[in-house]
Amino acid sequence: MSAFEFRYMTVADIDNVFFIETISFPTPWSKEAFYNELTQNRFAKYIVIQYEEELVGYCGVWIVVDEAHITNIAILPEYRGRKLGETLLTKVMEEARKMGATSMTLEVRVTNVVAQNLYRKLGFQNGAIRKKYYTDNQEDALVMWVKL
């Protein structure tokens with residue numbers, strides 16, 4: 001994976017991240033939301049994965065005191081299945097640990113078994129269910145946690 005590079009997201013990356021967001025999620029965040037995350041939210045950190053000149057994935061995390069919360073993670077469809085999501089999330093977990101986080105949480109659709117399997121592989125365990133969490137179809141979210 002030497003051709004893949006990880007770096008912190010910048011405002012210049014918003015259009016590319018927004019593109020990945022819109023093809024990955026039924027209720028995507030807006031460009032403005034990403035802009036506000038980068039410029040206004042002191043708890044937010046976003047890491048992107050780049051292949052040559054193409055941005056192929058991203059992951060956002062909020063770090064509040066000693067807890068990290070994954071906001072979103074996505075990989076371009078044509079790059080999925082290459083363990084890039086796993087590598088990216090592992091990198092974000094390392095960064096969160098360096099910033100003092102001792103645990104990490106996220107929400108995932110109860111039907112998204114592929115993502116749940118990835119999270120379990122990285123040590124996440126099931127927590128609570130958030131009823132009707134997703135606004136597009138009222139699907140429940142599974143809350144997952146891991147000790148860092």
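Here the structure is a predicted model, which means the values were calculated and not measured.
- No path of Ile, Leu, Val, Met, Phe, Trp and Tyr side chains, each step under 4.5 Å between heavy atoms, connects Met144 with Tyr133, placing them in separate hydrophobic clusters.
- Nearest heavy atom pair, residue Leu148 against residue Arg97, reads O-NE, 2.7 Å.
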Could you check Ile75 against Ile20 for side chain to side chain contact (heavy atoms under 4.5 Å, CB included), going step by step and ending with a plain yes or no?
-> CA-CA 7 Å; Ile75 302 291; Ile20 297 169; over 6 Å; no
Side-chain donor-acceptor pairs under 3.5 Å in residues 51-64, sequence neighbours left out?
from: Glu54; atom 1: OE1; to: Tyr79; atom 2: OH; distance (Å): 2.9
from: Tyr58; atom 1: OH; to: Glu21; atom 2: OE1; distance (Å): 2.1
from: Trp62; atom 1: NE1; to: Glu37; atom 2: OE1; distance (Å): 2.5

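- Cluster membership check: Val92 does not share its hydrophobic cluster with Trp145, using side-chain heavy-atom separations under 4.5 Å among Ile, Leu, Val, Met, Phe, Trp and Tyr.
- Look at Arg109 and Asp136 and you find a salt bridge, because one of the NZ, NE, NH1 or NH2 atoms lies within 4.0 Å of a carboxylate O, short of that distance.
- Glu95 is linked by a side chain to side chain contact (heavy atoms under 4.5 Å, CB included) to Tyr8, Ile47, Lys91, Lys98, Met99, counting only residues two or more places apart in sequence or in another chain.
- Of all non-hydrogen atoms in Ala96 and Met104, the two that sit nearest each other are CB-CE, 3.8 Å.
- Around CD of Glu78, the count of heavy atoms belonging to other residues, nucleotides or ligands within 6.0 Å exceeds 12.
- In this structure a side-chain-to-backbone donor-acceptor pair under 3.5 Å is present from Asp140 to Lys132.
- If you take OG1 on Thr87 and CZ on Phe4, they are separated by 9.0 Å, rounding to the nearest 0.5 Å.
- Summarising the geometry, atom CG belonging to Leu89 is positioned 5.5 Å from atom CG belonging to Leu122; distances are rounded to the nearest 0.5 Å.
- Remark: side-chain polar atoms of Glu107 are not paired, donor with acceptor, to backbone N or O of Arg130 under 3.5 angstrom.
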Dump the intermediate steps for side chain to side chain contact (heavy atoms under 4.5 Å, CB included) on Val110 and Asn112, then the final yes or no.
-> CA-CA 6 Å; Val110 293; Asn112 192 345; over 6 Å; no
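- For the pair Asn126 and Arg120, the minimum side-chain heavy-atom distance is below 4.5 Å.
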Carefully, step by step, assess Met93 and Val146 under the rule side chain to side chain contact (heavy atoms under 4.5 Å, CB included).
-> CA-CA 10 Å; Met93 291 169 77; Val146 66; 3.9 Å; yes
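- Hydrophobic clustering keeps Val114 apart from Leu88 (ILVMFWY residues linked when any side-chain heavy atoms are closer than 4.5 Å, directly or through intermediates).
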Check the pair Thr135 / Thr27 against side chain to side chain contact (heavy atoms under 4.5 Å, CB included), numbers first and verdict last.
-> CA-CA 8 Å; Thr135 57; Thr27 52; 3.8 Å; yes
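- Under the 4.5 Å side-chain heavy-atom criterion for grouping Ile, Leu, Val, Met, Phe, Trp and Tyr, Ile23 is connected to Ile73 within one hydrophobic cluster.
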Show the numbers, then the answer: is there a side-chain hydrogen bond (donor to acceptor under 3.5 Å, both in side chains) between Thr71 and Tyr46?
-> CA-CA 9 Å; Thr71 57; Tyr46 283 75; 3.2 Å; yes
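- Distance check: Asn117 CG to Glu86 CD gives 11.5 Å after rounding to the nearest 0.5 Å.
- For Glu139 and Thr111, the side-chain atoms include at least one donor-acceptor pair closer than 3.5 Å.
- Taking the six-membered ring for Trp and thresholds of 30 and 60 degrees, Phe34 and Trp29 have ring planes inclined between 30 and 60 degrees apart.
- Residue Phe25 places its CZ atom among more than 12 non-hydrogen atoms of other residues, nucleotides or ligands, all under 6.0 Å distant.
- With hydrogens and angles left out, the side-chain atoms of Tyr35 and Ser30 include no donor and acceptor closer than 3.5 Å.
- Looking at Phe19 and Leu76, their side chains come closer than 4.5 Å, going by heavy atoms from C-beta outward.
- Between Thr105 atom OG1 and Ile70 atom CD1 the span is 9.5 Å, to the nearest 0.5 Å.
- With a 6.0 Å radius and a threshold of 12 heavy atoms from other residues, nucleotides or ligands, Gln138 has its CD atom above the threshold.
- Of the inter-residue distances, the one linking Leu142 atom CG with Gln125 atom CD reads 11.5 Å to the nearest 0.5 angstrom.
- With rounding to the nearest 0.5 Å, the separation of CG in Asp13 from CG in Leu38 is 8.0 Å.
- Cluster membership for Val113 and Val143, using ILVMFWY side-chain heavy atoms within less than 4.5 angstrom, is not shared.
- Judged as a side chain to side chain contact (heavy atoms under 4.5 Å, CB included), and not counting sequence neighbours, the contacts of Phe18 are Thr22, Lys31.
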